[in-house]
Amino acid sequence: MVDKTLTRMDLAEAVHAEVGLSRNDSADLVESVLTHVSDALVRGEAVKISSFGTFSVRAKAARIGRNPKTGEEVPIHPRRVLTFRPSHLMKGRVATGNKS
Amino acid sequence: MIRSELIQRIADENPHLYQRDVEKIVNTIFDEVIEAMASGDRVELRGFGAFSVKKRDARVGRNPRTGESVSVKEKHVPFFKTGKLLRDRLNDN
């Protein structure tokens, strides 16, 4: 199995091939999709893309952490983290596509 | 926000595009990510995050109701890691 890494450019290329927009416009639209998803998450909204998955923002409480090297206690401030829950379709495709 | 709202927002910003093309664009992007992961590839979107595939080793599981041992085969699962910029934006840095 040859593992590749796809980037924005590959997504833009797919849009270009599928819809026939110029590469430049395709790249702008990929960016625009990512921006809208990010902005919604930053506003605290969950983003549910049916048959893809759900991005949701969770608030984590403050807790005392420890520097594992020095054993020193350090406060960890309350923060918001993003979690992604893949759809059943995605899980199924990934499981069957990577079967050895 | 759901898929149709995302499509609507992109359509509103691009009045020169047909709604059905915007739909196709948004669907192509998400489908491409799934296809990549189905082939074992990663999708790295700087500032947003990275989608990758993680291998879960075979293990002996247990039926929680009966306590019976069952063998669970090795499997691959999708994984998303939030990008630094988005993580920082979530915490208004």
Side-chain angles (χ1 to χ4, degrees), chain A residues 1-8 10-15 17-21 25-26 28-30 32-53 55 57 77-87 89-91 93-100, chain B residues 1-10 13-14 16-18 20-56 73-83 85-87 89-92:
Chain A
M1 190 165 67
V2 196
D3 291 351
K4 283 190 304 185
T5 298
L6 277 74
T7 63
R8 281 172 168 76
D10 299 286
L11 299 184
E13 191 59 36
V15 169
E18 191 70 31
V19 191
L21 291 178
D25 288 353
S26 301
D28 288 347
L29 280 150
V30 169
S32 173
V33 166
L34 296 178
T35 303
H36 278 288
V37 173
S38 304
D39 288 354
L41 294 166
V42 170
R43 287 194 300 268
E45 284 177 45
V47 177
K48 282 188 190 185
I49 308 294
S50 54
S51 75
F52 184 82
F55 297 93
V57 180
H77 300 292
R79 65 209 159 97
R80 292 198 300 172
V81 295
L82 176 56
T83 55
F84 174 68
R85 196 165 174 263
S87 68
L89 184 127
M90 181 189 283
K91 282 193 204 165
R93 298 296 289 278
V94 169
T96 44
N98 291 282
K99 235 172 218 154
S100 32
Chain B
M1 183 167 73
I2 62 173
R3 189 194 282 259
S4 57
E5 290 165 339
L6 173 62
I7 290 168
Q8 193 53 57
R9 281 175 202 182
I10 309 273
E13 280 177 357
N14 296 275
H16 58 290
L17 296 176
Y18 288 114
R20 62 159 192 278
D21 282 341
V22 176
E23 245 172 74
K24 221 168 161 188
I25 291 160
V26 170
N27 295 345
T28 299
I29 293 170
F30 291 115
D31 288 350
E32 196 65 16
V33 174
I34 296 182
E35 286 317 306
M37 283 193 286
S39 331
D41 298 334
R42 275 166 55 82
V43 181
E44 193 177 308
L45 305 166
R46 287 281 160 94
F48 181 78
F51 295 91
S52 59
V53 178
K54 287 204 168 180
K55 184 178 157 217
R56 298 269 179 265
K73 286 205 182 110
E74 162 191 309
K75 65 175 174 185
H76 290 84
V77 296
F79 180 74
F80 176 76
K81 183 171 189 282
T82 311
L85 183 75
L86 182 52
R87 205 184 326 131
R89 278 190 68 201
L90 287 169
N91 294 290
D92 24 68

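Hydrogens, waters and symmetry mates play no part in the numbers below; they use all other heavy atoms, side chains included. Letters go in sequence order (proteins before strands), and every chain restarts at 1.
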Trainee: Quick check for you: to the nearest 0.5 Å, what is the distance between B:Asn91 atom CG and A:Arg80 atom CZ?
Mentor: 6.5 Å

Trainee: Partners of A:Arg85 by side chain to side chain contact (heavy atoms under 4.5 Å, CB included), sequence neighbours excluded?
Mentor: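 Residues passing side chain to side chain contact (heavy atoms under 4.5 Å, CB included) with A:Arg85: none at all.
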
Trainee: Would you find a donor on one side and an acceptor on the other, under 3.5 Å apart, between the side chain of A:Asn98 and the backbone of B:Met37?
Mentor: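 Confirmed, A:Asn98 side chain pairs with B:Met37 backbone.
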
Trainee: Can you tell if the side chain of B:Ile29 reaches within under 4.5 Å of the side chain of A:Val30, non-hydrogen atoms only?
Mentor: yes

Trainee: If we define contacts as heavy-atom pairs under 4.5 Å, which of B:Glu35, B:Lys24, B:Lys81, B:Glu44 has the most with chain A?
Mentor: B:Glu44

Trainee: Between A:Thr96 and chain B, which part of the residue has a heavy atom less than 4.5 Å away: side chain, backbone, both or neither?
Mentor: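 Looking at A:Thr96, nothing touches chain B.
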
Trainee: Side chains of B:Val26 and A:Val33, heavy atoms from C-beta outward: is any pair under 4.5 Å?
Mentor: yes

Trainee: Please look at B:Glu5 and chain A and tell me whether the side chain, the backbone, both or neither of the residue comes under 4.5 angstrom of a heavy atom of that chain.
Mentor: neither

Trainee: Indicate the atoms forming the closest heavy-atom contact of B:Ile34 with A:Met90, along with that distance.
Mentor: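 Shortest heavy-atom contact: CG1-CE, 3.9 Å.
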
Trainee: Count the heavy-atom pairs under 4.5 Å between each of A:Asp28, A:Val42, A:Thr7, A:Val37 and chain B, then report the option with the highest count.
Mentor: A:Val42

Trainee: So which heavy atom on B:Met1 is nearest to which on A:Glu45, and how close?
Mentor: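 Heavy atoms of B:Met1 and A:Glu45 come nearest at N-OE1, 3.4 Å.
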
Trainee: For residues A:Leu11 and B:Val33, determine if any side-chain heavy atom of one lies less than 4.5 Å from a side-chain heavy atom of the other.
Mentor: yes

Trainee: What do you reckon, is NZ of A:Lys91 surrounded by more than 12 foreign heavy atoms closer than 6.0 Å?
Mentor: yes

Trainee: Which bit of A:Val57 is near chain B, if near means a heavy-atom gap under 4.5 Å: side chain, backbone, both or neither?
Mentor: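 Contact with chain B is through the side chain of A:Val57 alone.
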
Trainee: Measure the NZ-CD distance between A:Lys99 and B:Glu74 for me, rounded to the nearest 0.5 Å.
Mentor: 11.0 Å

Trainee: Which atoms of A:Glu18 come close to chain B, meaning under 4.5 Å heavy atom to heavy atom: side chain ones, backbone ones, both, or neither?
Mentor: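 Backbone plus side chain of A:Glu18, per the 4.5 Å heavy-atom cut-off to chain B.
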
Trainee: Compare every heavy atom of A:Val94 with every heavy atom of B:Pro78, then report the nearest pair and how far apart it is.
Mentor: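 Smallest heavy-atom distance, with atoms named: N-CG1, 3.9 Å.
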
Trainee: Is A:Asp10 close to B:Glu32 at the side-chain level, that is, under 4.5 Å between some pair of heavy atoms?
Mentor: no

Trainee: Using the ring-ring contact (aromatic ring centres under 6.0 Å, His included) rule, pick out the option among B:Phe51, B:Phe48, B:Phe79 that qualifies with A:Phe84.
Mentor: B:Phe51

Trainee: Can you say whether B:Val43 sits under 4.5 Å from chain A via the side chain, the backbone, both, or neither, judging by heavy atoms?
Mentor: both

Trainee: Is there a side-chain contact between B:Asn14 and A:Leu29 (heavy atoms, below 4.5 Å)?
Mentor: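 When only atoms from C-beta onward are counted, A:Leu29 and B:Asn14 do touch, with a gap below 4.5 Å.
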
Trainee: Using a cut-off of under 4.5 Å for heavy-atom pairs, which of B:Lys55, B:Arg56, B:Arg46, B:Lys73 has the most such pairs with chain A?
Mentor: B:Arg46

Trainee: What part of B:Leu6 gets closer than 4.5 Å to chain A, counting heavy atoms only: side chain, backbone, both or neither?
Mentor: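 Side chain only.
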
Trainee: Decide yes or no for A:Leu21 and B:Leu17: does some side-chain heavy atom of the first lie under 4.5 Å from some side-chain heavy atom of the second?
Mentor: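 Yes - at least one pair of side-chain heavy atoms lies under 4.5 Å apart.
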
Trainee: Between atom CG of A:Asp25 and atom NE2 of B:His16, what is the distance when rounded to the nearest 0.5 Å?
Mentor: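 Taking CG in A:Asp25 and NE2 in B:His16, the distance rounds to 6.0 Å.
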
Trainee: Can you tell me how far CD1 of B:Ile7 sits from NE2 of A:His36, rounded to the nearest 0.5 angstrom?
Mentor: 12.0 Å

Trainee: I need the A:Ser38 OG to B:Arg89 CZ distance, nearest 0.5 Å.
Mentor: 6.0 Å

Trainee: A side-chain contact here means heavy atoms from C-beta on lying under 4.5 Å apart; do A:Arg8 and B:Leu45 qualify?
Mentor: yes

Trainee: Who among A:Ala17, A:Ala12, A:Ala14 has the most heavy-atom pairs with chain B under 4.5 Å?
Mentor: A:Ala14

Trainee: Can you tell me which portion of A:Ala40 sits under 4.5 Å from chain B's heavy atoms? Options are side chain, backbone, both or neither.
Mentor: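 Interface part for A:Ala40: side chain.
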
Trainee: Look at the side chain of A:Arg93 and the backbone N and O of B:Ala38, then say whether any donor-acceptor pair between them is shorter than 3.5 Å.
Mentor: no

Trainee: Of all of A:Val47, A:Ile49, A:Val15, which one pairs up most often with chain B through heavy atoms under 4.5 Å apart?
Mentor: A:Ile49

Trainee: Apply side chain to side chain contact (heavy atoms under 4.5 Å, CB included) to A:Ser50 and list each qualifying residue two or more places apart in sequence or on a separate chain.
Mentor: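 So A:Ser50 forms a side chain to side chain contact (heavy atoms under 4.5 Å, CB included) with B:Arg3.
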
